[in-house]
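Take a look at the structure below.
The structure displayed is predicted, hence computed values, not measured ones.
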Amino acid sequence: MSDEDITLTAGDAEAVVQPGNGGRIGSLRVAGTELLRQGDRFGCFPMVPWCGRIRDGRFRDGATVHQMPLNAPPHAIHGTVRDGAWRVARRSQDEAVLTYDLVDPWPYPGRVTQVVALTEDVLTLTMAVETYGSSFPAQIGWHPWFHRTLGGADVTLDFTPAWQEERGADHLPTGNRVEPKPGPWDDCFGMPGGVDVTLTWPGQLELNVSSREEWVVVYDEQEAAVCVEPQTGPPDGLNTLPRLVTPLEPLEAATTWRWRRL
């Protein structure tokens, strides 16, 4: 296990991977410009084995109800792996492979593998969750904190979701799908053709976040940053739309960030 940061380079792009800080991407620079909000809790962290909030921190697997710590009272939020140290399986100039063994408070043994690969204009993040024994529900997602500005006008977001998950007062989806509403957002959207969101910093950079998954949470209620979070299901999805990890079928997902300078 290594707590040392790993710096990946390709062309004028540089990404810093932090195995000791939840396996997150601590920095992404393009031609010297930092795209991610800095700080121990920011950058871009993996959300596993669930994404967003679990209502009251409880989820059901068959007849068993499991209680997760309420780290966003009255709910549990964003999984457990962002709080742990990951192992470095291998690394090169432009790629790092990290693993994390699921431990308490998560009730099932399993392993998460994350691959971070950089080229001069693309960052690709891939994750897989495997079980060591019994099947269990899980989700995969990423939570990047992009700077709202890169020294000029605020970033703009361009995406065309098929629907928006209606959000209740508890910040969880009610189960109703509604027409997408204008921001500000802390909301989940459905994109059945795959996540496709373009962030444009006027005069600076255009960055496209894509994924084959059909769920994305957009959060832009903070002054400093905006978040575009591709994931394998909606918030509280362990209860409402569980995806099973089985001995024969791991849960896998990927997201690609592609940029060009303006």
Group every Ile, Leu, Val, Met, Phe, Trp and Tyr by side-chain heavy-atom contacts under 4.5 Å, then state whether [X] and [Y] land in the same group.
X: Phe189; Y: Ile140; result: yes
X: Trp185; Y: Met47; result: no
X: Val16; Y: Leu35; result: no
X: Leu251; Y: Ile54; result: yes
X: Met127; Y: Leu8; result: yes

Within this structure, what is the [atom1]-[atom2] distance for the pair [X] and [Y], rounded to the nearest 0.5 Å?
X: Arg212; Y: Glu214; atom1: CZ; atom2: CD; answer: 12.5 Å
X: Arg87; Y: Leu98; atom1: CZ; atom2: CG; answer: 12.0 Å
X: Ile77; Y: His143; atom1: CD1; atom2: NE2; answer: 7.0 Å
X: Tyr219; Y: Glu229; atom1: OH; atom2: CD; answer: 9.5 Å
X: Ser27; Y: Gln38; atom1: OG; atom2: CD; answer: 5.0 Å
X: Arg55; Y: Asp236; atom1: CZ; atom2: CG; answer: 5.5 Å

Nearest non-hydrogen partners of [X] and [Y], listed with the distance:
X: Val88; Y: Pro19; answer: CG2-CG, 3.7 Å
X: Leu118; Y: Ala13; answer: CD2-O, 3.7 Å
X: Pro234; Y: Thr240; answer: CG-OG1, 4.1 Å
X: Leu70; Y: Asp56; answer: CD2-O, 3.4 Å
X: Glu95; Y: Ala117; answer: OE2-CB, 4.0 Å
X: Trp215; Y: Val195; answer: O-CG2, 3.3 Å

Connected-component partners of Val97 among ILVMFWY, side-chain separation under 4.5 Å: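 Members other than Val97 - counting any ILVMFWY side chain reachable under 4.5 Å - are Val115.
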Mind checking salt bridge (charged side-chain N to carboxylate O under 4.0 Å, His left out) for [X] and listing every partner two or more places apart, or none if nothing turns up?
X: Glu213; answer: Arg243
X: Glu14; answer: none
X: Arg258; answer: none
X: Asp186; answer: Arg53

Do [X] and [Y] touch side chain to side chain, with heavy atoms closer than 4.5 Å?
X: Leu157; Y: Val228; result: yes
X: Cys227; Y: Val217; result: no
X: Val17; Y: Ile25; result: yes
X: Val30; Y: Asp12; result: yes
X: Arg260; Y: Asp121; result: no
X: Asp101; Y: Tyr132; result: yes
X: Asp94; Y: Thr119; result: no

Is it true that a side-chain atom of [X] and a backbone atom of [Y] form a donor plus acceptor pair closer than 3.5 Å?
X: Asn239; Y: Arg60; value: yes
X: Gln114; Y: Pro46; value: no
X: Gln18; Y: Gly20; value: no
X: Gln231; Y: Gly233; value: yes
X: Thr200; Y: Pro202; value: no
X: Gln139; Y: His78; value: no
X: Glu166; Y: Gln164; value: no
X: Ser211; Y: Ala254; value: yes
X: Trp86; Y: Val81; value: yes

Applying salt bridge (charged side-chain N to carboxylate O under 4.0 Å, His left out) as the test, list every pair that has at least one member in residues 72-83; sequence neighbours left out.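 As it turns out, the salt bridge (charged side-chain N to carboxylate O under 4.0 Å, His left out) pairs with a partner in residues 72-83, which skip direct neighbours, are Arg41-Asp83.
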Do Leu125 and Cys44 pass the side-chain contact (heavy atoms from CB on, under 4.5 Å) test, and can you show the C-alpha distance, the side-chain angles, and the key distance before you say yes or no? CA-CA 10 Å; Leu125 305 172; Cys44 171; 4.2 Å; yes
For Asp196 and Ser210, test the side chains for any donor-to-acceptor distance below 3.5 angstrom and give the result as yes or no.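 Result is no, nothing qualifies.
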Pair Thr126-Glu252, side-chain donor/acceptor within less than 3.5 Å: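 Absent: no donor and acceptor within the cut-off.
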Salt-bridge present (Arg111, Glu130; N to O < 4.0 Å):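 The answer is no: the pair does not qualify as a salt bridge.
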Set of side-chain contact (heavy atoms from CB on, under 4.5 Å) partners for [X], sequence neighbours left out:
X: Glu249; value: Thr246
X: Pro69; value: Pro105
X: Ala224; value: Arg37

List for me each residue that meets ring-ring contact (aromatic ring centres under 6.0 Å, His included) alongside Trp142, sequence neighbours excluded, and say none if there are none.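 Trp142: no ring-ring contact (aromatic ring centres under 6.0 Å, His included) contacts found.
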Pairs in or reaching into residues 147-160: which pass side chain to side chain donor-acceptor pair (under 3.5 Å), with residues at least two apart or in two chains?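 For residues 147-160, and leaving out neighbouring residues, there are no side chain to side chain donor-acceptor pair (under 3.5 Å) pairs at all.
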When you look at Leu102 and Val129, which way does the side-chain contact (heavy atoms from CB on, under 4.5 Å) test go after all the steps? CA-CA 9 Å; Leu102 294 169; Val129 184; 4.3 Å; yes
Under the criterion salt bridge (Lys or Arg N to Asp or Glu O under 4.0 Å), I'd like the reasoning laid out for Glu165 against Arg177: C-alpha separation, chi angles, the key distance, then a yes or no. CA-CA 5 Å; Glu165 294 286 331; Arg177 294 178 174 181; 3.7 Å; yes
Provide the full list of ring pair (Phe, Tyr, Trp, His ring centres under 6.0 Å) pairs with a residue in residues 240-262, sequence neighbours left out, each pair given once.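 As it turns out, the ring pair (Phe, Tyr, Trp, His ring centres under 6.0 Å) pairs with a partner in residues 240-262, which skip direct neighbours, are Phe146-Trp257.
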Residue pair Phe159, Val218: steps toward the side-chain contact (heavy atoms from CB on, under 4.5 Å) verdict: CA-CA 10 Å; Phe159 66 119; Val218 178; 4.0 Å; yes
Residue from Phe136, Trp106, Tyr108, Trp50 passing ring pair (Phe, Tyr, Trp, His ring centres under 6.0 Å) with His66: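 Running ring pair (Phe, Tyr, Trp, His ring centres under 6.0 Å) over Phe136, Trp106, Tyr108, Trp50 with His66 returns exactly one hit, Tyr108.
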